[in-house]
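A short write-up of the structure that comes next.
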Amino acid sequence: MSRKLTMIQAITEAMDQMLAQDPRVMLLGEDIGINGGVFRATEGLVEKYGPERVVDTPLAEAGIIGSAIGLAMNGMIPVVEIQFLAFIYPGFEQIVSHAARMRYRTRGQFEVPMVIRTPYGAGIRGPELHSESVETYFAHTPGLKVVAPSNPYDAKGLLIAAMEDRDPVLFLEPTKLYRAFKEDVPEEIYRVPLGKAKVVSEGDDVTIFAWGAMLREAMHAAKKIEEEQGWKCEVIDLRTLYPLDRDTILSSVKKTGRAIIVHEAHRTAGLGAEIVSLINDEALIYLKAPVKRVTGFDIPVPQFSVEDAYLPTVERVQRGIVETLSF
Amino acid sequence: MSRKLTMIQAITEAMDQMLAQDPRVMLLGEDIGINGGVFRATEGLVEKYGPERVVDTPLAEAGIIGSAIGLAMNGMIPVVEIQFLAFIYPGFEQIVSHAARMRYRTRGQFEVPMVIRTPYGAGIRGPELHSESVETYFAHTPGLKVVAPSNPYDAKGLLIAAMEDRDPVLFLEPTKLYRAFKEDVPEEIYRVPLGKAKVVSEGDDVTIFAWGAMLREAMHAAKKIEEEQGWKCEVIDLRTLYPLDRDTILSSVKKTGRAIIVHEAHRTAGLGAEIVSLINDEALIYLKAPVKRVTGFDIPVPQFSVEDAYLPTVERVQRGIVETLSF
Amino acid sequence: MMVYSENHRKSFDETTISGDMYQVLSEQGELFSSLDGKIDDSLMLHMYEKMLLVRLFDRKSVNLQRQGRMGTYAPFEGQEASQVGSALALSPGDWMFPTYRDHAAAIVHGQDLYRIFLYWMGHVEGSICPEGKRIMPPCVPIATQMVHAVGTAWASKRKGEKTASIAYFGDGATSEGDFHEALNFAGVFKTPTIFFCQNNGYAISVPFEKQSASKTIAQRAAAYDIPGIRVDGNDIFAVYLTVKEAVERGLRGEGPTLIEAITFRYGAHTTADDPKKYRDQDAISQEWREKRDPLARLQKLLQKKGIWNEKLEEQWLAQMNEQIDLHLEKAERYPKADPVGMFEHVYAVMPWNIREQQEECRSFFKKDVKIS
Amino acid sequence: MMVYSENHRKSFDETTISGDMYQVLSEQGELFSSLDGKIDDSLMLHMYEKMLLVRLFDRKSVNLQRQGRMGTYAPFEGQEASQVGSALALSPGDWMFPTYRDHAAAIVHGQDLYRIFLYWMGHVEGSICPEGKRIMPPCVPIATQMVHAVGTAWASKRKGEKTASIAYFGDGATSEGDFHEALNFAGVFKTPTIFFCQNNGYAISVPFEKQSASKTIAQRAAAYDIPGIRVDGNDIFAVYLTVKEAVERGLRGEGPTLIEAITFRYGAHTTADDPKKYRDQDAISQEWREKRDPLARLQKLLQKKGIWNEKLEEQWLAQMNEQIDLHLEKAERYPKADPVGMFEHVYAVMPWNIREQQEECRSFFKKDVKIS
Ligand SMILES: Cc1ncc(C[n+]2csc(CCOP(=O)(O)OP(=O)(O)O)c2C)c(N)n1
Ligand SMILES: Cc1ncc(C[n+]2csc(CCOP(=O)(O)OP(=O)(O)O)c2C)c(N)n1
Ligand SMILES: [Mg+2]
Ligand SMILES: [Mg+2]
């Protein structure tokens, strides 16, 4: 059975069902209790599972993430909510120097199975530092997994998979999509495997890689390109940003010979560069044109009056496709 | 007039001369006073300039970097020493959310002219977290400049340029090279401009990009390749990692048609990927082979008994060159 | 007056203790002690006027947000005495580090109203302060500005300038590591920094009892051997005198002070927040309004003194509304944000990648960039 | 005994106060109060033995480093009473979070000596503890492990296990934000965490006066309304009893305790450090050795009690040196690090990129990888 849910509902349901099923699961974060989280992702959960399992913490991200590390090492499965991605920075050391390394450091003797959920990305007219997309920092950190769903179905399945994963997972939720649309989501517990990209639509002329909120821009652009120019784009949702699903990336590019990467993050040293490099490494001879990066710019995500100009737009993606196809 | 100095001596001299010349300059850090810093970079300076200008701070990196931001905004030029690169993480938020953004946020009304110096990189048999090379985190952060010298001459000139720069500069000092060799260093104050790479040796067959401690591996490999195979490598020291000197990168690759990037950092989403992408963007048609990344692996920098295996070696670079040239 | 650190007891006079916080003006508008030589009638009137202005500004802002003319906004109604009183105790050259909620303080210290409108309208120029002022942009990441206020004060001290720095923050902010590091640094380097905490009892939905096992914030000062004072944050005289003395101490070279001002925000955390979810909003907010309102309290005193009456208030209201409307007009007439401008000021000199991206953006500009 | 937090005064007995720290065993080996029912003769002997063993181990390690048989090492000589006394107060299942200097504590809690040698020889396997133990690897980034010890204790509490967690840290660590966040979290969630600070007066070269304006570390507990105790860290009885009581409090559900143990490292910060640069090393170190040595002090008492003599000591020394040598042999005979192994355990299941890189590395392996 499935019903239509928004992404935020799908996320709530994933946590709800895992709390119900596994007593080791605990939620930690600022305002996630009675307030249900600033985006209402934990709405109703403290009422159902009590304040010992759905914990309003003090306002201190190193404290939250660091104590979650301890909880995870001692048998719990903590799911941390960070209010916005930029507010993860006070806990950066805990993530990079500890969560990501505890297994390595102890040769597998201790592990840190935890999930850090956080809204990310622009497009909701947020104040400064509420719209960041710095997945690169984490995709450059061995020991972490990084996930970014683009739709309700994947959000639930990926979050459950993340909670069952034995490694720390950073779970990036595109704020802009929380309530953007509804989609069929099965009622039961199911998994969408980490590390697997998804071919969202098939095509032969060019591959578009995207994730999170950018997937919709990519799809939109692909549709317009098909309507206007008749070219068929293959659109791939990466879903997991670390480890990347290289096979899916390469087999598509080997087929199309052309690729575009769309991401909100700054261009320089963004994850797009790694995808370009994977293609360079293994599929250079298939390339009929340079791989194109359509990305956020190399400036701080600006105040919201101009955030639409910061973000890749359908038109920017379209132009990228045209450039690539007419190279 | 010049004398032979080690890199650490050149760095000390840069600070010494700038302290002498500019009363706004202040040094801040853990153990930088009477102890002269754990690597002795500030040796003798507190005796010369007093504890008000060469300040032993409490052990708190957010406090150090954050108060340096305030000092910089109010007319000082703070030069912060972080004991090892991994210990910058507690101050990560201060760097990313403040130092890098204050100018932007205030439309240029306030600026943060500061330098954060820190030893980085492996190869000195250091304990865990003493050998990191995470320049990507910072090269993906608009508003910062990132510099990494590979020799005493550049170290002094770049550090002086960084201290005179009006933007915050992260100054990465390759620990392994601090005392590795001596070189002619002019006595007077001089600048090596930020943002300019240097062609260290010219060649037509392949370009090798490197920085910091890896430059020597690159040079060594180039020499062996020339001796053994007769191929001539063009070796380029990037020196500034943000902003990258694209012109120098591209004109060399357009000439040689082949490129190798050598860095200690993890491969995935390392700065090498950005260089591959710049080449892809503008010089794809010149490429005779995939650009090769010879890098640290996608694992935490391991304990020192195996750090030599983590680091790119001359042999790994050589093999990379051969692969590229025989593609 | 409750002072939490020994070495401070001497310097602050112990005029009045009510409950465990320093009070001068009772909730009924009575003075607990004489203000002769400290606060004269004209300053009292000035205090009242400023509180009135910022309250009107705050209400206007909430309304603008509701009408869709402004983005999310963080209201401060109820906290006027804390913000106005503390800001009035500063000298014009002092450095101010406000949060997203401290517009009243910023306005009193010289920020233009239209800038604050611009800020919440999402304009890049909303964080600029008037030339020569040191009013920092509203700080978004909690507690991070506290260390900056150590740095600026430290620089002032090194330069021999008689300039203090004040950091505003909330009760929730006291849980962050930066709070600790800032207080410790300021204690070590004896910087003229005022750490001004508005304890409004909540960090969004989280009440202070969940924030810490400690009963007060002022008591934390002892951990750094600096003075910690708890004041009635709805008593503008108590706030003003406390901050004034803290500034003087700082400028005498005696170091920082931690001030905990007990107050309450009547409204939501931001316009995106629904306080009914986490507290008995109507009752609790009404109780604070009725019993402890910072304006009403001062009004009573002024009325008794015969320097306030309804007519005067109406005049003020008219003038102030006009002033606010002028600023609003200025903000709403402000040139539409030019996307191409967002590439400026990332660096002192624009590097090649940003320059090219600016061109890239420019090429789209006329056609498809929606500007709000 | 000086207790810095009210609600604690009742639970700790106030047997003896010397200076401002809790002492039981005087520097001359006299007992300030009876230990009947608390520490019997055999435990005293055990304490002494353990201190002797770890001292030998420490000296051996320093020598090995000098001989180039080991990398940089962080010696703890002088701090034996703090480390051994605290570790002996734990139960076998308690979680221990040591720093790079707390090998004595780790050894007492069950870590194998050869593992510690391996650690400083740079072996990847140097951080493993015996099966079933909860001895964490030496924590390198200062103060970061303190929050972990909140988490593990919290989990124990949730699971209804009678298990405490102890975090070791130094005086310098108290300046980091994580110190603050850990104490605050533990206070809020009342976790059975013992925050055990060895105040050896220096963070590398920086004396505590420069670390903070606060006079003691124990007094910081008041900021979180948790108990803070200052003990003579060279008095193993005082340390043991204090930690024991803190563990009991924690397991009774009364929350965390901050303990400041006053001690001194006789040697350098690490073998890479030269203490003569920043202190009058010979004089100050000699003074501590002569007046306050943790072993000498206990030896005097044991001798008076007639349960210690030179012969016994010699027997012990012989046995212990043999034991240490066996472990050293084991460590030195340990298989040379296999570079290919460094790719394991980054993730539970190796992803493709690491697998391929492992192959890449393997292909170089026999020829050019220098292994130390
Ligand atoms: C580092 C960080 N974490 C989380 C947030 C999200 N956030 C914004 S305001 C707030 C509550 C702040 O409470 P308090 O310090 O009491 O100030 P108040 O809002 O009551 O004035 C939170 C959690 C943030 N801005 N920065
Ligand atoms: C976050 C961080 N900053 C800096 C360092 C470098 N460092 C290692 S030990 C040390 C001094 C620690 O002093 P203290 O806490 O007193 O412990 P002690 O060494 O005296 O046992 C410093 C600064 C580090 N390991 N981690
Ligand atoms: Mg608050
Ligand atoms: Mg110490």
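Values below: all heavy atoms of this structure, side chains included; hydrogens, waters and symmetry mates excluded. What you see is a predicted model, and the numbers here were worked out from it, not measured in a lab.
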Under 4.5 Å from a heavy atom of chain B, the part of D:Ala143 involved
neither

Return the orientation label for the D:Phe179 and D:Tyr224 ring planes: parallel under 30°, perpendicular over 60°, tilted otherwise.
perpendicular

Got more than 12 heavy atoms from elsewhere within 6.0 Å of CD, B:Glu52?
no

Between the side chains of D:Asp273 and D:Tyr278, does any donor sit under 3.5 Å from an acceptor?
yes

Is a side-chain N or O of B:Thr42 found less than 3.5 angstrom from the main chain of B:Ile32, in a donor-acceptor match?
yes

Is B:Phe87 close to chain D through its backbone or its side chain, or both, or neither, when contacts mean heavy atoms under 4.5 Å?
side chain

Against chain B, work out which of D:Gly341, D:Ala173, D:Ser175, D:Ser212 has the most heavy-atom pairs shorter than 4.5 Å and name it.
D:Ser175

B:Tyr89, part contacting chain D, at a heavy-atom distance under 4.5 Å
neither

Residue part contacting chain D, namely of B:Glu61, when any heavy atom lies under 4.5 Å:
both

Search all heavy atoms of B:Arg267 against all heavy atoms of B:Thr295 and return the closest pair with its distance.
NE-OG1, 3.0 Å

Against chain D, label B:Leu129 side chain, backbone, both or neither, depending on which of its atoms sit under 4.5 Å from a heavy atom there.
side chain

Taking the side chain as every heavy atom from C-beta outward, state whether D:Leu113 and D:Phe57 have any pair of such atoms under 4.5 Å apart.
yes

Which region of D:Val124, side chain (C-beta onward) or backbone (N, CA, C, O), has a non-hydrogen atom less than 4.5 Å from a non-hydrogen atom of chain B, or is it both or neither?
both

Toward chain B, the part of D:Ile354 with a non-hydrogen atom under 4.5 Å:
side chain

